[in-house]
Amino acid sequence: MSRDDCSMLPYKNRTEAGEVLAEQLAADRFGPERDREQENRPIVLALPRGGVPVAAVVARKLQADLDLILVRKLGLPGHEEFAMGAIASGGVRVLNDEVLSMHRVSAEAIDQVARKEGDELKRRESAYRGDRPSPKLQGRHVILVDDGLATGATMRAAIEVVRRASPASITLAVPLAPASTLAEMKTDVDDIVCPATPKPFRAIGCWYSDFGQTTDKEVQDLLSEAWQQNH
């Protein structure tokens, strides 16, 4: 379930946000004392890059596995910061029909943006995962983590990828999001954990004291550390 406690805002950084999120998840249903046989360990899937520092803390606190779900926003031509949809590994494409209609975006324009973002998706897959296979999600409790939600476009694509893998459950976990976005996504997942729903929302970065860009090396280092600990 979502929360509406903004007293901890702004978060100092993504690490602190992960600590708050992990505490909420542990209290709800994912405490580290529960089901810690390897096959029952929940798996935390981070949306790179900003979601990885948050997810790394969550996975460590919950004694869960950590991995990636690779998704790219499809920015509206001319207003790239505004999402008209998203793509994810496995050929998943999720589009916002309302935005496309309002701005009269052609199929050709969508395909052009999708090709560009698809190239970046492949680059990140190689840079972050290397030869490591994607995790098996069937029958597992999956926790999807990012550093925040705005429109939720990229997260919807991630949810679609995970749903196709037949998990036991999908939990959406983010440090903050607009209440309206969470309400729209309520039926897409089994549970939502979100400690803060500030209003007016503005932008994700407004609610962090330090919202510097997460680098590829930071992502690689966090994943390497987690994967070494689990084997």
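Because the structure is predicted, anything quoted here is derived from the model rather than measured.
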Q: Please confirm whether the backbone N or O of Gly85 pairs with a side-chain atom of Arg156, one donor and one acceptor, at under 3.5 Å?
A: no
Q.
Whether the side chain of Gln220 engages the backbone of Ala127 through a donor-acceptor N/O pair (distance < 3.5 Å, no angle test) should be reported.
A. yes
Q) Considering only heavy atoms from C-beta outward, does the side chain of Glu23 approach that of Pro195 to under 4.5 Å? A) no
Q | More than 12 heavy atoms of other groups within 6.0 Å of Phe82 CZ | A | no
**Q.** Side-chain touch Leu172/Leu149, heavy atoms, less than 4.5 angstrom
**A.** yes
Q | Parallel, tilted or perpendicular: ring planes of His79 versus His103, cut at 30 and 60 degrees | A | tilted
Q) Between the side chains of Ser180 and Glu184, does any donor sit under 3.5 Å from an acceptor? A) no
Q.
Counting C-beta onward and ignoring hydrogens, is there a side-chain heavy-atom pair between Pro135 and Leu45 closer than 4.5 Å?
A. yes
Q: Indicate yes or no: does Arg164 engage Glu160 in a salt bridge with an N to O separation below 4.0 Å.
A: yes
Q) Checking Tyr128 side chain against Pro48 main chain: does a donor-acceptor pair fall under 3.5 Å? A) no
Q | Listed partners of Arg129 passing salt bridge (charged side-chain N to carboxylate O under 4.0 Å, His left out), at least two apart | A | Asp67, Glu125
(Q) Around atom CD of Gln112, are there more than 12 heavy atoms from other residues, nucleotides or ligands closer than 6.0 Å? (A) no
